[in-house]
Amino acid sequence: MSIKRDFLRKIVEEDVKSGKYKEVTTRFPPEPNGFPHIGHAKSIALNFGIAKDFGGKCNLRMDDTNPTTEDTKYVEALKDAVNWLGFEWSGDVRFTSDYFDKLYEWAKELIKMEKAYVDSLSEDEIREYRGTVTTAGKRSKYADRSVDENLELLERMKNGEFKDGEHILRAKIDMSSPNMKMRDPLIYRIRNHSHFRAGDKWAIYPMYDFAHCLSDYIEGVSHSICTLEFENNRDIYNWVIDTLELEHPRPYQHEFARLNINYTVMSKRKLLELVEGDYVSSWDDPRLPTIAGLRRRGYTPESILNFCESIGVAKANSVVDIAQLEFAIRDDLNLKVPRVMCVTKPLKVTIANYKGSQEDIEASLYPKDVPKDGSRVLPFSKEIYINQDDFSQNPPKGYFRLTPQQPVRLKYAYIIECKEVVTNESGEVIEIVANYYPDSKSGEDKSGIKVKSAIQWVEANSSIEAELRVYDRLYKNEAPNGIEDLNENSLQVIKGALIEPYAINSNEERFQFEREGYFYKEPIDYTNEKPIFNKIVSLKDSWAKKDLPKKVTKEPKKESQKPSKSGEMAELSDNQKVIFENLIKEHNINNQLASILATDDTLYSFFVTAVNEHKSAVTIANMVANDVSKELKVNSIDEVNFTPKTIALLAKMVDEELISSKIAKEVFEIVVKDGGSPEDIVEEKGLKQISNPEEILPIIKDIITQNQEKAEQYRSGNKKLFGFFIGQVLKATGGKANPKIVNELVTQEL
RNA sequence: UGGGGUAUCGCCAAGCGGUAAGGCAUUGGUUUUUGGUAUCAACAUUCGGGGGUUCGAAUCCCUCUACCCCAUCCA
C-alpha cells in the first residue's frame, strides 16, 4: 500500500481503523446499457483497487433496473472490460434484478410504515407538483391513501393490471425539501416491458434511488463509491436505509469526480451518436475512448491502470490532457516491445557500388537501454527503400538526415551518401542513387565517418507491403460539443508501407516501428496476406514539433476580479445596528468582528455571557467569531462540549500570557473533542507557556547547529526559512515556547 | 434564484497553522546508431478576489466571485 492516498482511501482507512466494518467491500455497479469507456476504467481501478489495498472484496453488479434500455451484450462487454484490466470480482456477477423480490418486500414495508404511497397523478402533474428549486412543491392528493389501499394498488401494479404511467410508488418524505431529490422521490414505476433477465415476471421496476442503496446493503457493501452527480441522491440513499431501520453495518455513499479527457467525449449519449451516425466504425473503433476501442488500438491494460493512478482521485471537476494518456502507453511499451523497421512512404535507393547480391545482418530487437534480449536477421542488398522524409534536397536548418551533401547511416547497416537524385517529369524525387562505405558496417565501422543520424530502411525484395491505420484525435476541439467538432482527418490509411519480414513472421503483436511510433497488429482485419497495423501512439518528436505553430499562449488568466469593498458586511437590521455600534464603541472591537457577532444571535449571546465572566471583549470576540463559530457550523450549541465560560477561561489565560493563542486553540479543540475544563487540560498536559529566554535560547542554538545549511541560506537571503526555524523551535518545546520571544531570539541568533 | 459541491502552475494533483510535494506538458544541457529512452537542470515569493484572527495562514473566521450538479416515471 502506497503512502500517498486519495481522499477515498483515507476515508476507508479510517473506517477500518475505527472498526466500523469487519471487511471492506466495494462494488462496481454499471448499468448494462452501453459500452464501458476509460471513465469506467477509472471507477474499476478505484473500486477494485481499494478492495485490493485493504484486503477486501469488490463485486461486479449490473444495475439493471430499467428494462427498456438494457441488454445482455453490454453485460458481456462490462465483464470483459473488468477482466481485461486484470481484476476479479468477488463471487458471481450480481444483478440488481436478482434482488427484485427483496426490494419489493421492502417497498411494502415502507407502505406499512406510511412512508410510501401510490400516486396516481400524471407525469406532467407530478412534475408540476414538485415545485422548482426556489419554490416548494405540494403533496399529491393521493398521498393519504390507506395502507391497505396502497398495498393493494402496488400488488396490482406489479401484476400488470395497469398501463405504464397510470400509477407510481413514491416515498413520503418532504415536498418542500430544498433538495429536489427528496420531494417524495419515485421508487417504483410501471413498465410493461420484459426484462432481459427477469423476463415478464414484473410489470413494475424499482428506481435507482430505491434499488441502489438496498442492493449495496444486501451485498454487504461498506463503501459505495459513485460520481459527483449523485451527491444530491445521498440523502435518499441514507433515508431509505435509515427509515427501514436496517441493521448495521450499513453502506455509506462517497462521491468522486468522473474522468474527462480533452479532444474526446465520454458521455454515453455522444458515444452512441458517433456509432449510430457511422462517424466511427463501431464501438471498438480505435479512435474511441471505449475500453474496446483502446484495446483494439493497442493500448495495454497496464498503461490504462497506470494512467488512472497518475491522474489521482479528487472531487474537483477536471479535464485531463490526452497527453497524459499517451505518456502512459509510451512509457509502458518502451520497455516491452521489439523495435522493427518500417518505411511508411518508400523512396527507392539504389546502392551503385554494392557488389554482392544480398547479405544478412543480425540486428538487436531492443536498444541497449531496454533490458531485453533478442535479435532478428535483416536482409540487405543493392536495392533498398528509405522514408521520403529522410531525404531532402533543400534541407531546413538542423536537418540530420540524408541530403546530397550529408551522408547518413542505414540503421544496423552501412553509411551511404547520395550520388544522384532521379526525378520524374514533375520534379519529384523518385529514386536516389547512392554509394555505400563497405567498411562502415554497424559494429565494425572503420570508416571514421561521422553521421548525424541513423535512419530506418527496408530491403526491396524481402520487405512486405502493409497497411497502416494512423489515428489522430477524434475531435479538433479541446472541449468538443458535438459532431461539428469532429476532426475529419482522425483516420488516415496508409497503403503501401514497407515493413521488414520479422514483424510479419513473429508472434509479437505490438512493435515499435523505429522513429515512427508504436503499432499493433490489427486484431480483426489483419491477415498474413494483407498485414494491417494500427498506430497506437507516435514517438515523442521534438524535431517535428519545431515546425509546428507554437501553441497560442493564453492571455494571462489573472483577469482582474471586481475588487470587493473592504470588510464587506451583511445588511444589518436596526436592532443589529445598535449592537454593532455598541460593540465597536464600548468594546473596541473591529468592524468585521462586530458585524459577525451582531448578525448572529447565538454567537452574540455567547459572547455576552463570556464577557461577563472575564472582561476581555476583544480576545473573546476573536475566539467566538473564529473558533466557536467554526464548531457551531457542525454542531448546535446544545450538543457541544463547551460553554461561554470555557472561552472566558481561555481568554483569561491568554491575556495573562499563561498560554499562547496557539495553545488556546489547541486546548479549545481538546475541549471540543473530549470535554473538560481548560485549566485542567493546561495543567495536565503542562501546556503553560515558556517565556523565559534562558530556557528557550539553548533550544534555538541547538536547532541552528542542527540546520547549519538552512541557517546559511537564511543569512544569504532566503527569508522564507524564518518560519521553518520558528516551527522547529515550537515543535521542540511542544508548542509551549512563547512565539513572540522565540521570534525575537531567532532573529537575534540568526 | 433554493439546496448540494468545487477552486493550489498550461493540464492533473499533494498539502489540514510553521521551507508550496509529485506526474504530464514545456524549455535548455548531457548520453545515444531511434530528433526515442535515460539523465541533469529550469518552470507557483504564492494557493479564485478582498478582509479578519495569529509571532506566523493555501490551511481557521467573514465576505465576494466563478464553475459544476439537482425540478427524467434515466442511472
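Since we're looking at a predicted model, the values are computed, not measured. In what follows, every chain begins at residue 1, and chains take the letters A, B, ... in the order their sequences are listed.
Stacking of A:F724 onto the six-membered ring of B:G18 is not present when judged by under 5.5 angstrom between centres and under 30° between planes.
A donor-acceptor contact under 3.5 Å is formed by the side chain of A:N626 with the base of B:G52.
For A:Q592, whose side chain is taken as the heavy atoms from C-beta onward, the closest listed nucleotide among B:C24, B:G50, B:G5 is B:G50. Of the listed nucleotides (B:G35, B:C55, B:A71), B:G35 has the atom at the smallest distance from the side chain of A:S542. Nearest to the side-chain atoms of A:I126 among the listed nucleotides B:A75, B:A25, B:C73 stands B:C73. Closest approach to the A:D321 side chain among B:C11, B:A7, B:A75 is made by B:C11 (side chain taken as heavy atoms from C-beta onward). When the nucleotides B:G36, B:C73, B:C74 are ranked by their closest atom to the side chain of A:E31, B:C74 comes out on top.
Regarding the sugar-base torsion, B:U72 falls in the syn class, its angle being within 90° of 0.
As a whole-Å value, the separation of A:K633 NZ from B:U63 C1' is 12 Å.
Between A:F513 and A:F519, the ring planes are parallel. Angles under 30° get that label, and only those over 60° would be called perpendicular.
Contact between the side-chain N/O atoms of A:R515 and the OP1/OP2 oxygens of B:G35 is found at a separation under 4.0 Å.
Under 3.5 Å, the side chains of A:D174 and A:S176 contain a donor-acceptor pair of N or O atoms.
Residues passing the salt bridge (charged side-chain N to carboxylate O under 4.0 Å, His left out) test with A:K710: none are found, sequence neighbours excluded. For A:K411, the salt bridge (charged side-chain N to carboxylate O under 4.0 Å, His left out) criterion is met by A:E514, not counting sequence neighbours.
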Distances under 3.5 Å between protein N/O atoms and the N/O atoms of nucleotides 28-32 of chain B, please, pair by pair.
none

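B:A7: Watson-Crick or G-U partner is B:U65, with both key distances under 3.5 Å.
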